[in-house]
Amino acid sequence: PVPFLTFILPIGLSFHTFQAMSYTIEVYRGKQAAERHFGIYALYVMFYPQLVAGPIERPQNLLHQFREHHRLNKEEVKAGLLQMAFGLFKKVVIADRLALAVDHGFTNYQSQSGLSLFIAAVFYSFQIYCDFSGYSDIAIGAARCMGFKLMTNFNAPYFARSVTEFWKRWHISLSTWFKDYLYFPLGGSRAARYRVYFNIFVVFMVSGLWHGADWTFVIWGALHGLFVITEKTLGTLKRQLKISQTNNGLLNGARVLFTFLLVTIAWVFFRAPNIGQAGAILTKIFTFSGNGIVNLGVNSNEICFSFILIILLMLFESRWPKPQLISLNNYAYMLVFAGLLFVCYFFGIFNYRQFVYFQF
């Protein structure tokens, strides 16, 4: 037997495997010229800012950038550093703070009330978002400081008004990868209705398996597939009945909230170690089990602070003034940048918790 084989594994294996596959497929399809310089190809596959957890890049976007001469651009460095600082804020101030309550709630689910588990599930939705999008911000910002442009990986996904829209905003590099290299080759949407539904379901099932060979991930993917298929079915029914699409602020807000609840239910399977625990947690949530006391291993002030951080994050991301922040004069910019680092230092949770997507 090979010693240490049970735990030695390349970091970010699934991400740079998908990136290498993207290159191979694009060259095979004739959409990308084969790269003759092994060093540049290796840099494309293993580009260090996004090596561990993406975004998963396409050769058309990245390869040519490695042949270009990049001069120091102070504005790009400012923008990159600010994005990195915001990513760090999302990771250590929000995600790792929420993780304390989430870990306690999911580990001790048997003694938790339905309300406690519901709060833990909501917190996990924001924990995994801030953790993963925080990494993406750091990766994109680091590359930007050096003059390289990586694709956007998140676009305020919890403002989506449907699960279909959610997947256009969440982990964009992976969802577009599956769309281009699995959904379209299966036939995409240019097939009979039931074949389209089959294609959608297969893509989400494979997406679940990509995260891990466990039934919890399979169910997570299957749920999202069923959500999207249901939305398409209802959309077809509306068109057949000639029901017009109502568009007003209150209804859109209800759609956003309902979509978030569906995604949160699915996240329970993603977070739980097994199906039995996920089922028990959801049962307690939907039956309002317990006495309503919240006991997530942190005090009430910490829970209130966590909710305040979530609200501020949502307000900020709904109207993120990126150009205004970057175009500030140097003194104002340094004040904002230093303020973010100050908040990270004094309010961050530094418990050596790695990024969630490192395990994938």
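Pairs passing the salt bridge (Lys or Arg N to Asp or Glu O under 4.0 Å) check and including a residue from residues 79-91, sequence neighbours excluded, read K90-D137, K90-E317, K91-D96, K91-D131. Judged as a salt bridge (Lys or Arg N to Asp or Glu O under 4.0 Å), not a single pair has a partner in residues 198-207 (not counting sequence neighbours). Residue pairs meeting the side-chain hydrogen bond (donor to acceptor under 3.5 Å, both in side chains) criterion with at least one partner in residues 190-204, sequence neighbours excluded, are R195-N199, Y197-T233. Residue pairs meeting the side-chain hydrogen bond (donor to acceptor under 3.5 Å, both in side chains) criterion with at least one partner in residues 50-61, sequence neighbours excluded, are Q19-Q50, E26-Q60, E57-N61, R58-T176, R58-D180. Within the structure, the salt bridge (Lys or Arg N to Asp or Glu O under 4.0 Å) test picks out no pair touching residues 253-269 (sequence neighbours left out). The list of salt bridge (Lys or Arg N to Asp or Glu O under 4.0 Å) pairs with a residue in residues 210-227, not counting sequence neighbours, is empty. Contacts classified as side-chain hydrogen bond (donor to acceptor under 3.5 Å, both in side chains) and involving residues 297-315 (residues at least two apart or in different chains) are given here: R97-E302.
In the hydrophobic clustering of this structure, L88 groups with V336; members are Ile, Leu, Val, Met, Phe, Trp, Tyr whose side-chain heavy atoms approach within less than 4.5 Å, directly or through other members. Hydrophobic clustering, with ILVMFWY side chains joined whenever heavy atoms are under 4.5 angstrom apart, groups V202 together with M21. Taken together through direct or relayed side-chain contacts under 4.5 Å among Ile, Leu, Val, Met, Phe, Trp and Tyr, L234 and L226 form parts of separate hydrophobic clusters. Residues F350 and V343 share a hydrophobic cluster, clusters being chains of Ile/Leu/Val/Met/Phe/Trp/Tyr side chains in contact below 4.5 Å. Tracing side-chain contacts under 4.5 Å through hydrophobic residues (I, L, V, M, F, W, Y), one never reaches Y333 starting from L335; they form parts of separate clusters.
Of the residues Y48, F66, Y44, the one that meets the ring pair (Phe, Tyr, Trp, His ring centres under 6.0 Å) test with F148 is F66. No option in W220, F217, F18 other than F18 meets the ring pair (Phe, Tyr, Trp, His ring centres under 6.0 Å) test with W210.
More than 12 heavy atoms of other residues, nucleotides or ligands sit less than 6.0 Å from atom CZ of R29. Taking a 6.0 Å sphere around CG of L250, one finds it holds 12 or fewer heavy atoms contributed by other residues, nucleotides or ligands. Around CZ of F305, the count of heavy atoms belonging to other residues, nucleotides or ligands within 6.0 Å exceeds 12.
Considering only residues two or more places apart in sequence or on other chains, D103 meets the salt bridge (charged side-chain N to carboxylate O under 4.0 Å, His left out) condition with R271, R353. Under the salt bridge (charged side-chain N to carboxylate O under 4.0 Å, His left out) criterion, R67 pairs with E35, sequence neighbours left out. Applying the ring pair (Phe, Tyr, Trp, His ring centres under 6.0 Å) rule to F342 yields the partners F346; only residues at least two apart in sequence or on another chain are considered.
A 4.5 Å side-chain heavy-atom check between I140 and P49 finds every atom pair outside the cut-off. Y124 places none of its side-chain heavy atoms less than 4.5 Å from the side chain of L98. Contact check for F355 versus V52: no side-chain heavy atoms found under the 4.5 Å cut-off. Between K179 and F184, some side-chain heavy-atom pair lies under the 4.5 Å cut-off. No side-chain heavy atom of F198 sits under 4.5 Å from any side-chain heavy atom of I229. Under the 4.5 Å side-chain criterion, counting only non-hydrogen atoms from C-beta, Y158 is not in contact with V256. Contact of the N351 side chain with the L100 side chain is registered, since non-hydrogen atoms from C-beta on lie closer than 4.5 Å. The shortest side-chain heavy-atom distance between F159 and R169 falls under the 4.5 Å cut-off.
Counting all heavy atoms, side chain and backbone alike, H16 lies closest to L51 at CD2-CD1, 3.4 Å. When all heavy atoms are compared, the tightest approach of S162 to E165 is OG-N, 3.0 Å. Closest non-hydrogen pair, G54 versus F15, comes out as N-CD2, 3.5 Å. Minimum heavy-atom separation, F47 to A143: CE2-CB, 4.0 Å. Residue L340 comes nearest to F86 through the heavy atom pair CD1-N, 4.0 Å, listed as atom of the first residue, atom of the second, then distance. When every heavy atom of L150 is checked against every heavy atom of A139, the shortest pair comes out as CD1-O, 3.9 Å.
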Side chain to side chain contact (heavy atoms under 4.5 Å, CB included) between M146 and H70: does it pass, once the steps are laid out? CA-CA 7 Å; M146 298 185 292; H70 298 274; over 6 Å; no
Could you walk me through whether Y129 and V356 pass the side chain to side chain contact (heavy atoms under 4.5 Å, CB included) test, one step at a time? CA-CA 10 Å; Y129 167 64; V356 171; over 6 Å; no
Working for side-chain hydrogen bond (donor to acceptor under 3.5 Å, both in side chains), residues S173 and N153: CA-CA 6 Å; S173 63; N153 210 23; 2.8 Å; yes
Between V298 and H104, is a side chain to side chain contact (heavy atoms under 4.5 Å, CB included) present by the stated rule, with each step listed? CA-CA 9 Å; V298 294; H104 184 86; over 6 Å; no
Which is it for Q112 and F106 under the side chain to side chain contact (heavy atoms under 4.5 Å, CB included) test, yes or no, and what are the steps along the way? CA-CA 9 Å; Q112 299 294 323; F106 276 78; over 6 Å; no
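L282 contributes atom CG, which lies 10.0 Å from atom OG1 of T287 (distance to the nearest 0.5 angstrom). Separation of atoms CZ (F270) and CD1 (I128) is listed at 4.5 Å; rounding is to 0.5 Å. In this structure, OG1 in T283 is found 10.5 Å from CG in L117, a value given to the nearest 0.5 Å. Put simply, CD1 on I56 and CH2 on W177 are 8.0 Å apart, with the number rounded to the nearest 0.5 Å. Rounding to the nearest 0.5 Å gives a distance of 9.5 Å between CD1 of I138 and OG of S133. Here the NZ atom belonging to K74 is positioned 8.0 Å from the CG atom belonging to N330, to the nearest 0.5 angstrom.
If you chain together ILVMFWY residues whose side-chain heavy atoms come under 4.5 Å of each other, M151 ends up grouped with I172. Its side chain within the 4.5 Å cluster rule, L312 clusters with I308 among the Ile, Leu, Val, Met, Phe, Trp and Tyr residues.
Not less than 6.0 angstrom separates the ring centroid of Y183 from the ring centroid of F178. With ring centers used as reference points, W170 lies under 6.0 Å from W267. For F166 and F260, the ring centers are positioned 6.0 Å apart or more. In this structure, the ring of F132 has its center less than 6.0 angstrom from the ring center of F154.
Note on ring orientation: taking the six-membered ring where Trp is involved, the planes of F204 and H224 are parallel (angle under 30°, cut-offs 30° and 60°).
Side chains of T264 and S125: a donor-acceptor N/O pair is present below 3.5 angstrom, by distance only.
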